[in-house]
Amino acid sequence: MLIDEKMRRLRWKVRRGMLELDLAFSQFLDQEYVALSDEMKVQFELLLEQEDNVLFGWILGHQPVDDAQFQTIV
């Protein structure tokens with residue numbers, strides 16, 4: 001039950017203001033999240049706290065990931 005609740009919360013957090021991010025994060029959550037280590041799951045959740053314009057640049061490769069804590073997860 002806690003896992004279902006956590007996934008519902010994450011599903012809400014991956015909904016972004018930019019369609020491209022919404023699609024990328026939703027797909028990642030559906031296909032990759034469960035296989036992540038606990039440490040990487042924490043990194044993913046922290047990543048979701050970043051601003052959309054920063055995430056957009058990182059995820060699409062338009063900007064280098066200048067924050068070392070997110071380089072692996074991105």
- Under the side chain to side chain donor-acceptor pair (under 3.5 Å) test, residues paired with Glu45 that sit two or more places apart: Lys6, Arg9, Tyr33
- Report the residues that fulfil salt bridge (Lys or Arg N to Asp or Glu O under 4.0 Å) with Arg15, sequence neighbours left out, ordered by chain and then residue number. none
- Query: For Glu49, which residues count as a side chain to side chain contact (heavy atoms under 4.5 Å, CB included) partner, sequence neighbours excluded?
  - Reply: Lys13, Leu46
- Query: Does Val14 reach the side chain of Phe44, with side-chain heavy atoms less than 4.5 Å apart?
  - Reply: yes
- Item | With Thr72 via side chain to side chain contact (heavy atoms under 4.5 Å, CB included) - residues at least two apart | Met40
- Message: Please find the pair of heavy atoms, one from Ile73 and one from Leu36, that lie closest to each other, and give the distance.
- Response: CD1-CD1, 4.2 Å
- salt_bridge(Arg11, Asp4) N-O dist < 4.0 Å: no
- Task: Name all residues meeting the salt bridge (Lys or Arg N to Asp or Glu O under 4.0 Å) criterion together with Asp22; count only those two or more places apart in sequence or in a different chain, and write none if there are none.
- Result: none
- If only atom types and distance count, is the side chain of Arg16 paired as donor or acceptor with the main-chain N or O of Leu48 below 3.5 Å? yes
- Item | Cluster link Met7 to Leu23, ILVMFWY, side chain under 4.5 Å | no
- Item | Results of side chain to side chain contact (heavy atoms under 4.5 Å, CB included) for Asp67 - residues two or more places apart only | Trp58, Gln69, Phe70
- Item | Side-chain heavy-atom pair Asp30, Phe25 within 4.5 angstrom cut-off | no
- Query: Which atom names give the shortest non-hydrogen contact between Asp52 and Leu21, and what distance separates them?
  - Reply: O-CD1, 3.4 Å
